[in-house]
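Shown next, in structure tokens, is the structure this report addresses.
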Amino acid sequence: MICLGIEGTAHTIGIGIVEKSGSKCNILANVSRMYKPEKGGIHPREAANHHVKHFPKILLESIEKADINIKDIDLIAFSIGPGLGPCLRTAATAARVLSLMLKKPIIGVNHCIAHLEIGRALTGCIDPVLLYVSGGNTQVIAFMEGKYRVFGETLDIGIGNCLDKFGREVGLPFPAGPEIEKIARKGKKYLSLPYSVKGMDVAFSGILTACLHLVKKEKLEDICYSLQETCFSMLAEVAERAMAHTEKDEILLGGGVACNKRLQEIIRIMATERKARFFCPPNEFLVDNGAMIAWTGLLMHESGMKMKLEETKVRQNYRTDEVEITWR
Ligand code: AMP
Ligand code: MG
């Protein structure tokens with residue numbers, strides 16, 4: 001069975017074409033375009049306009065890459081939430097049109113769960129704790145008693161948002177995460193920052209403010225280094241505590257910030273120390289992508305889930321633990 005999945009929750013419009021044969025996940029195509037604001041943060045309507053503009057091109061590109069006929073597609077999946085309203089509605093509208101034109105079923109996928117499912121499919125982990133670290137989201141998610149549950153999350157901004165906002169203030173291009181990673185490698189001095197773990201949750205806005213205060217006094221490389229070390233240690237702490245509570249021995253990374261090699265190293269060390277296994281899919285599947293939506297759509301569809309067109313209204317605040325899990 002072949003599914004075309006559309007991702008469009010925030011800055012990225014992506015299309016993935018994925019084939020499921022038995023339990024095997026065969027990625028036929030995975031193309032995307034990222035909206036990069038010239039200045040300031042993401043403007044939801046401008047991001048949506050970007051998605052409208054690029055959708056036709058990436059649709060053709062994905063079908064060409066997959067080397068299929070559009071009629072070979074059996075299912076249309078799209079990111080139904082959580083995310084920015086205008087972006088979600090753009091992806092949903094495109095999905096509805098394709099579903100009607102091709103006369104194929106449509107299914108709306110929870111974006112956060114899609115990060116977890118593509119990780120399971122591509123890395124071979126079975127029942128992991130997912131550390132999901134992206135621009136807008138920061139969550140620790142695991143499967144427990146029939147549902148994906150959130151064991152910890154950010155109380156304010158996402159970790160990626162924290163990095164991007166800091167980068168913007170010091171003149172780094174968007175997205176700033178990769179630039180900060182490069183600069184941090186040269187850092188030597190650890191500057192004390194407000195380490196904010198509250199129970200199972202984390203907070204980043206205090207650290208951001210503290211870093212901005214340091215800009216005039218300290219070297220940028222030391223600030224970037226300290227910012228990464230502090231935030232990533234906090235994430236390792238809550239991820240480890242979730243593993244201990246759930247008694248799971250696999251940790252999986254997801255989200256764009258997980259491309260960071262230092263974060264990968266810290267989480268890998270934590271896993272090794274507690275005799276757990278560490279998993280991380282390739283970067284292309286860490287960032288927002290259409291393949292994860294297509295794959296999760298296939299899992300949902302094959303387990304018997306169906307959605308009528310009138311049930312495909314987007315859900316901006318769709319919570320991970322609201323999703324009915326029929327495929328596990
Ligand atoms: P996503 O929202 O999952 O597509 O991921 C985008 C976020 O990942 C942005 O906030 C980026 O700054 C961040 N990001 C991407 N690569 C890296 C990296 N190497 N280190 C830290 N953050 C990164
Ligand atoms: Mg994401």
| query | Rounded to the nearest 0.5 Å, how far does CG of Leu59 lie from CD of Glu64? | reply | 11.0 Å

| query | Looking only at heavy atoms, which two atoms of Cys162 and Leu227 are closest? And how far apart? | reply | SG-CD1, 4.2 Å

| query | Going through the distances and angles, do Glu61 and Arg33 end up as a salt bridge (Lys or Arg N to Asp or Glu O under 4.0 Å)? | reply | CA-CA 12 Å; Glu61 200 180 316; Arg33 296 286 185 279; 2.7 Å; yes

| said: Looking at Asp72 and Asn69, would you say the former's side chain and the latter's main chain have a donor-acceptor pair under 3.5 Å? | reply: yes

| Taking atom CG of Leu191 and atom NZ of Lys219, what is their separation to the nearest 0.5 Å? | 10.5 Å

| hydrophobic_cluster_shared for Ile118 and Phe78, side chain cutoff 4.5 Å | yes

| message | Can a side-chain donor-acceptor contact be found between Glu237 and Tyr195 if the only test is distance below 3.5 angstrom? | response | yes

| With ring centroids as reference points, do His11 and Tyr35 lie under 6.0 angstrom apart? | no

| said: Can you give me the closest heavy-atom contact between Ala142 and Thr246, atom names plus distance? | reply: CB-CG2, 4.5 Å

| task | Test salt bridge (Lys or Arg N to Asp or Glu O under 4.0 Å) on Arg328 and Asp127 and set out the steps. | result | CA-CA 10 Å; Arg328 281 192 65 163; Asp127 186 20; 3.0 Å; yes

| Can you check whether Ala176's main-chain N or O pairs, donor with acceptor, with Asp164's side chain at less than 3.5 Å? | yes

| query | Are Glu117 and Tyr148 close enough that a side-chain donor and a side-chain acceptor fall under 3.5 Å? | reply | yes

| remark: So the salt bridge (Lys or Arg N to Asp or Glu O under 4.0 Å) pairs with at least one residue in residues 183-192 (sequence neighbours excluded) are Glu181-Arg185, Lys189-Glu218

| task | Check whether any side-chain N or O of Asn289 sits under 3.5 Å from a backbone N or O of Met292 as a donor-acceptor pair, and report yes or no. | result | yes

| said: Does either side chain, that of His115 or that of Asn137, offer a donor lying less than 3.5 Å from an acceptor on the other one? | reply: no

| query | Residues in salt bridge (charged side-chain N to carboxylate O under 4.0 Å, His left out) with Glu284, at least two apart? | reply | none

| remark: Between Ile76 and Cys3, the two heavy atoms sitting closest are C-SG, 4.5 Å

| note | side-chain contact (heavy atoms from CB on, under 4.5 Å) filter on Glu38, not counting sequence neighbours, yields none

| Considering only heavy atoms from C-beta outward, does the side chain of Pro82 approach that of Asn317 to under 4.5 Å? | no

| request: Count the heavy atoms belonging to other residues, nucleotides or ligands that lie under 6.0 Å from NZ of Lys57, then report whether that count exceeds 12. | output: yes

| task | State plainly whether one hydrophobic cluster holds both Ile13 and Val109, where clusters connect Ile, Leu, Val, Met, Phe, Trp and Tyr through side-chain heavy atoms under 4.5 angstrom apart. | result | yes

| query | Distance from Leu193 atom CG to Glu229 atom CD, nearest 0.5 Å? | reply | 10.5 Å

| said: Quick check on Arg45: does its CZ atom have over 12 non-hydrogen neighbours (other residues, nucleotides or ligands) under 6.0 Å away? | reply: no

| Linking Ile, Leu, Val, Met, Phe, Trp and Tyr by side-chain heavy atoms under 4.5 Å, what else ends up with Met34? | Phe174

| query | Is the backbone of Gly22 close enough, under 3.5 Å, to the side chain of Lys20 for a donor and an acceptor to pair up by distance? | reply | yes

| Reported CD1-to-OG distance for the pair Ile6 and Ser79, which is rounded to 0.5 angstrom | 8.0 Å

| Quick one: does Ser196's side chain have a donor or acceptor within less than 3.5 Å of a partner on Pro194's backbone? | yes

| said: For Tyr225 and Tyr190, take the angle between the two ring planes, folded into 0 to 90°, and tell me which bin it lands in: parallel under 30, tilted 30 to 60, perpendicular over 60. | reply: perpendicular

| Which pairs, with at least one residue in residues 229-258 and sequence neighbours excluded, count as a ring-ring contact (aromatic ring centres under 6.0 Å, His included)? | none

| Any sub-3.5 Å donor-acceptor pair from Arg149's side-chain atoms to Asp321's backbone N or O? | no

| Inter-residue atom distance Phe166.CZ - Cys231.SG, 0.5 Å rounding | 10.5 Å

| query | Does Cys125 reach the side chain of Ile251, with side-chain heavy atoms less than 4.5 Å apart? | reply | no

| query | Heavy-atom count around Gln316 CD within 6.0 Å, excluding the residue itself: above 12? | reply | yes

| query | With a 4.5 Å heavy-atom cut-off, do Met305 and Ile107 have their side chains touching? | reply | yes

| Does the side chain of Ile2 reach to within under 4.5 Å of the side chain of Leu298, using non-hydrogen atoms? | no

| Taking the side chain from Ser99 and the backbone from Ala95, do they hold a donor-acceptor pair closer than 3.5 Å? | no

| said: Please list all pairs meeting ring-ring contact (aromatic ring centres under 6.0 Å, His included) that have one or both residues in residues 274-313, counting only residues at least two apart or in different chains. | reply: none

| query | Under 6.0 Å from the NZ atom of Lys147, do we count more than 12 heavy atoms belonging to anything else shown? | reply | yes

| Taking C-beta and beyond as the side chain, do Ile266 and Met270 meet within less than 4.5 Å on heavy atoms? | no

| Between Ser303 and Thr326, is any side-chain donor less than 3.5 angstrom from a side-chain acceptor? | yes

| Verdict with supporting geometry, Val129 and Glu250, side-chain contact (heavy atoms from CB on, under 4.5 Å) | CA-CA 6 Å; Val129 167; Glu250 295 175 329; over 6 Å; no

| Smallest separation among heavy atoms of Leu235 and Ile159, with atom names | CD1-CG1, 4.4 Å

| said: Strictly distance-based, threshold 3.5 Å: is any side-chain N or O of Thr154 a donor or acceptor partner for the main-chain N or O of Asp156? | reply: yes

| task | May I ask you to check whether Asp288 and Thr12 show a side-chain donor-acceptor distance below 3.5 Å? | result | no

| query | Would a distance-only check, ignoring hydrogens and angles, find a side-chain to backbone donor-acceptor pair under 3.5 Å from His50 to Glu46? | reply | no

| field | Reported CG-to-CD distance for the pair Leu116 and Gln139, which is rounded to 0.5 angstrom | value | 10.5 Å

| Side-chain touch Cys259/Val287, heavy atoms, less than 4.5 angstrom | yes

| message | Quick check on the hydrophobic clustering: are Met307 and Leu88 connected, directly or via other members, by side-chain heavy-atom contacts under 4.5 Å? | response | no

| task | Would you check if the side chain of Asn161 reaches a backbone N or O of Gly136 as a donor-acceptor pair within less than 3.5 Å? | result | no

| Does any donor atom in the side chain of Thr312 or Arg96 lie under 3.5 Å from an acceptor atom in the other side chain? | yes

| note | Residues Cys112 and Ile141: closest non-hydrogen pair is CB-CD1, 4.1 Å

| query | Will you find, in the side chains of Thr9 and Glu7, an N or O donor that is under 3.5 Å from an N or O acceptor? | reply | yes

| request: Answer yes if Ile58 and Ile27 sit in the same cluster of Ile, Leu, Val, Met, Phe, Trp and Tyr residues linked by side chain heavy atoms under 4.5 Å apart, and no otherwise. | output: yes

| query | In terms of hydrophobic clustering (I, L, V, M, F, W, Y; side-chain heavy atoms under 4.5 Å; direct or indirect links), are Leu155 and Val202 co-clustered? | reply | no

| Got Val18 and Cys25 here, is their nearest side-chain heavy-atom distance under 4.5 Å? | yes

| message | Minimum heavy-atom separation for Pro128 and Arg120, please, with both atom names. | response | CD-CD, 3.8 Å

| field | Glu179 side chain near Pro173 side chain, heavy-atom distance below 4.5 Å | value | yes

